[in-house]
Structure formats: structure tokens, C-alpha cells
Novice: 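Provided herewith is a single structure, encoded as C-alpha cells, for subsequent inquiry.
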Amino acid sequence: MPESLPRHLAVIMDGNGRWAKKRGMPRVMGHRKGVEVVKDIALYSAEVGISYLSLFAFSMENWKRPGDEVGFLMRLLDDYIERELETILSNNIRLTASGRMALLPEGTRKKLEAAIERSSSNGGMVLNLALSYGGRSEIIDVARRMAEEAKNGTLQPEDIDEEFFKSYLYNPEIPDVDLLIRTSGEMRISNFQLWRIAYSELYFTDKYWPDFSRADLDEAVQSFAGRERRFGKTTDQIDSPKSD
Ligand code: IPE
Ligand code: IPE
Ligand code: MG
């Protein structure tokens with residue numbers, strides 16, 4: 001692994017359905033295999049020293065899928081939490097979730113909240129599951145809270161700047177995304193992260209998520225390490241920061 005690691009790695013885990021279809025299997029078998037890859041990539045990310053790993057597991061738009069696929073995904077989530085919690089705890093990983101949790105089935109939501117609570121004092125990698133998550137919903141939820149506070153008189157328009165806005169996002173302690181990976185060959189954002197990807201490096205691979213391996217992650221991180229992030233500045237300014 002190269003030295004320049006992304007602090008916050010985010011992954012759009014796409015292609016489970018196509019992976020299964022290619023093998024003549026029902027789509028849900030792709031999701032089942034996808035969970036195995038989640039387990040492995042999460043542990044590997046913690047091992048190499050990633051601080052924050054955000055995984056796009058279920059989008060707001062995914063609620064529009066057929067009911068039986070949605071039901072299967074919710075049961076998989078339930079199983080994942082139940083079976084993986086001990087591994088998460090023993091690897092010092094802190095579990096978090098981002099999204100509109102109230103939409104999850106009640107039993108699953110409670111299990112998730114309990115797992116988040118049990119891992120809350122862990123100091124290792126933060127594993128952030130984006131569930132029932134939409135980038136626009138996240139921003140709208142910020143706007144609604146701010147509007148409430150403005151109505152109460154506890155928030156003034158001039159209080160709002162980028163730092164302040166950030167503090168109203170889901171899990172505000174999670175920093176901007178440094179590297180965003182999307183699998184399956186699609187080159188789109190699909191409403192992921194939005195606010196935090198303003199200056200992310202993007203990496204696309206044709207591999208379907210169930211085929212994504214540790215070596216693929218190494219490759220993405222190597223690509224990241226070779227890039228120059230200028231954040232609007234010039235190369236000279238980046239090379240000799242004192243000239244700012
Ligand atoms: C990603 O795989 C998993 C979820 C969106 C839940 P897909 O289910 O989108 O698989 P494809 O893109 O149809 O192949
Ligand atoms: C994005 O994948 C959401 C997740 C990976 C959870 P989709 O398969 O839902 O994205 P679109 O609809 O093809 O853009
Ligand atoms: Mg997809």
C-alpha cells in the first residue's frame with residue numbers, strides 16, 4: 001500500500017444484479033455475494049489504515065425496486081449486523097449509518113442502533129453504512145433543521161457558512177470524501193454524498209462489486225496516491241505551500 005492513503009474512502013458498490021445475471025442466477029444471489037465482499041473490504045480497509053469507509057448499501061431511490069428485492073436486502077442487512085458485530089468490535093471498528101433510518105423496518109433499525117451504540121467507543125476505522133441514503137435528502141434534512149431553528153430565532157442567516165452547514169450533515173464528524181470508487185462500469189454519482197464529494201478524486205472500475213478484491217482496492221488507492229489534488233490552486237502553490 002502506498003503512503004498517501006485516502007482518509008475517507010467512499011464506495012458505490014454497484015453491479016450485484018448483473019454479476020448474478022451473468023451466471024444465470026437470481027439478482028439476490030449477487031447481493032448475497034456482495035455482502036461477503038463488504039466484510040472482506042471493510043476489514044482490509046481497517047488493516048491498511050483507512051480512517052473512514054463509507055459504503056453505499058441502499059439508496060433512497062432503491063426503495064422503488066420490487067418489494068421482494070427490497071425485503072431481501074433488508075433481511076441481508078439484518079443478518080449482516082447480527083453476524084458481523086463481533087468482528088466489528090474485535091477489530092476496533094466504529095459502526096455508523098447515514099440516511100433516513102426511520103424508513104428501515106423497525107426491527108432492523110433497532111438492531112442497527114444497538115450495534116452502533118455497542119461500537120461507539122471504538123477508536124479504529126469508522127465504518128459508515130449509507131442506508132436509505134440520498135445526497136439530496138441529506139441536504140434537505142439540513143435545510144429543514146435550519147429552517148426550524150431560524151423560525152425559533154436561534155439561527156441567523158449570517159451564521160450559515162460552509163463549516164456550519166457541514167455540522168448539520170448526517171454524522172458531521174465524518175470529513176469530506178477523498179476517494180470515491182464506483183464499481184460496475186457506470187460513471188455516475190447516483191445521489192451519493194453530494195456535499196462531501198465536492199473535491200473527491202473519482203475512480204471507476206468495470207468490475208462488478210461481487211468481483212471486487214483487495215488487489216482492486218490497492219489499485220484504486222495507488223491511482224489516488226499518484227494524483228495531484230490542487231483544490232483550485234496552482235501546482236507551484238502545492239509544491240511550495242509557503243508561497244500561499
Ligand atoms: C448494487 O447492485 C446494490 C444495490 C443497489 C442495493 P445492483 O443491485 O444495483 O446491481 P445492478 O446494478 O443491477 O447490476
Ligand atoms: C447506487 O446503485 C446505489 C447503491 C450502490 C446502493 P444503483 O444501481 O441504485 O444506481 P443507478 O440507479 O443505476 O444509478
Ligand atoms: Mg445498480
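When reading the values below, keep in mind they use all heavy atoms of this one structure, side chains included, and skip hydrogens, waters and symmetry mates. Not measured: the values here are computed from a predicted model. As the structure lists them, so they are numbered: ligands from 1, and atoms in each ligand from 1.
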Novice: Go through ligand 2 atom by atom and flag the ones less than 4.0 Å from a non-hydrogen atom of Ser190.
Specialist: 10 (O), 11 (P), 14 (O)
Novice: Quick check: Ser59 and ligand 2, any N/O pair under 3.5 Å apart?
Specialist: no
Novice: What part of Phe58, side chain, backbone, both or neither, has a heavy atom within less than 4.0 angstrom of ligand 2?
Specialist: backbone
Novice: For atom 2 (O) of ligand 1, which protein heavy atom lies nearest, and how many Å away is it?
Specialist: Asn16 N, 3.2 Å
Novice: For Arg27, which part has a heavy atom under 4.0 Å from ligand 1: side chain, backbone, both, or neither?
Specialist: side chain
Novice: Can any side-chain N or O of His31 pair as donor or acceptor with the backbone N or O of Leu73 at less than 3.5 Å?
Specialist: no
Novice: Would you please indicate yes or no on a ring centroid separation below 6.0 angstrom for Tyr168 and Phe164?
Specialist: yes
Novice: Apply side-chain contact (heavy atoms from CB on, under 4.5 Å) to Ser120 and list each qualifying residue two or more places apart in sequence or on a separate chain.
Specialist: Glu117
Novice: Would you call Lys207-Asp216 a salt bridge at under 4.0 Å N-O?
Specialist: yes
Novice: Pull out every atom of ligand 2 sitting under 4.0 Å from any heavy atom of Arg182, numbered as shown with elements.
Specialist: 2 (O), 10 (O), 11 (P), 13 (O), 14 (O)
Novice: Does atom 9 (O) of ligand 2 have any protein heavy atom closer than 4.0 Å?
Specialist: yes
Novice: Which atoms from ligand 1 have a heavy atom of Ala57 less than 4.0 Å away?
Specialist: 6 (C)
Novice: Salt bridge or not for Glu138 and Arg196, using N-O below 4.0 Å?
Specialist: yes
Novice: Please lay out, stage by stage, how Glu228 and Thr235 fare under the test side-chain hydrogen bond (donor to acceptor under 3.5 Å, both in side chains).
Specialist: CA-CA 8 Å; Glu228 182 180 68; Thr235 298; 2.9 Å; yes
Novice: Would you mind listing which atoms of ligand 2 come within a distance below 4.0 Å of any non-hydrogen atom of Arg65?
Specialist: 7 (P), 8 (O), 9 (O)
Novice: Does atom NZ of Lys110 have more than 12 heavy-atom neighbours from other groups under 6.0 Å away?
Specialist: no
Novice: Quick one: does Asp206's side chain have a donor or acceptor within less than 3.5 Å of a partner on Ser184's backbone?
Specialist: no
Novice: Quick one: does Met13 get a heavy atom under 4.0 Å from ligand 2?
Specialist: yes
Novice: Atoms of ligand 1 less than 4.0 Å from Arg18 heavy atoms?
Specialist: 11 (P), 12 (O), 14 (O)
Novice: Which bit of Lys21 gets closer than 4.0 Å to ligand 1, counting heavy atoms only: side chain, backbone, both or neither?
Specialist: neither
Novice: Any heavy-atom pair between the side chains of Arg136 and Ile139 that's under 4.5 Å?
Specialist: no
Novice: Say whether, by atom type as modelled, one donor and one acceptor occur between the side chain of Arg182 and the main chain of Arg188 under 3.5 angstrom.
Specialist: yes
Novice: Kindly check if the number of other-residue, nucleotide or ligand heavy atoms within 6.0 Å of CD (Glu162) is above 12?
Specialist: no
Novice: Tell me, which protein residue and heavy-atom name are nearest atom 13 (O) of ligand 2, and how many Å apart are they?
Specialist: Arg188 NH2, 2.8 Å
Novice: Are the aromatic ring centres of Phe192 and Tyr133 under 6.0 angstrom apart?
Specialist: yes
Novice: Going by heavy atoms, is Gly15 under 4.0 Å from ligand 1?
Specialist: yes
Novice: List ligand 1 atoms under 4.0 Å from His31, heavy atoms only on the residue side.
Specialist: 3 (C), 8 (O)
Novice: Near the Mg ion (ligand 3), which protein N/O/S atoms are found at less than 2.8 Å?
Specialist: Asp14 OD1
Novice: One pair to check against side-chain hydrogen bond (donor to acceptor under 3.5 Å, both in side chains): Asn171 and Tyr52. What are the steps and the verdict?
Specialist: CA-CA 11 Å; Asn171 304 112; Tyr52 300 87; over 6 Å; no
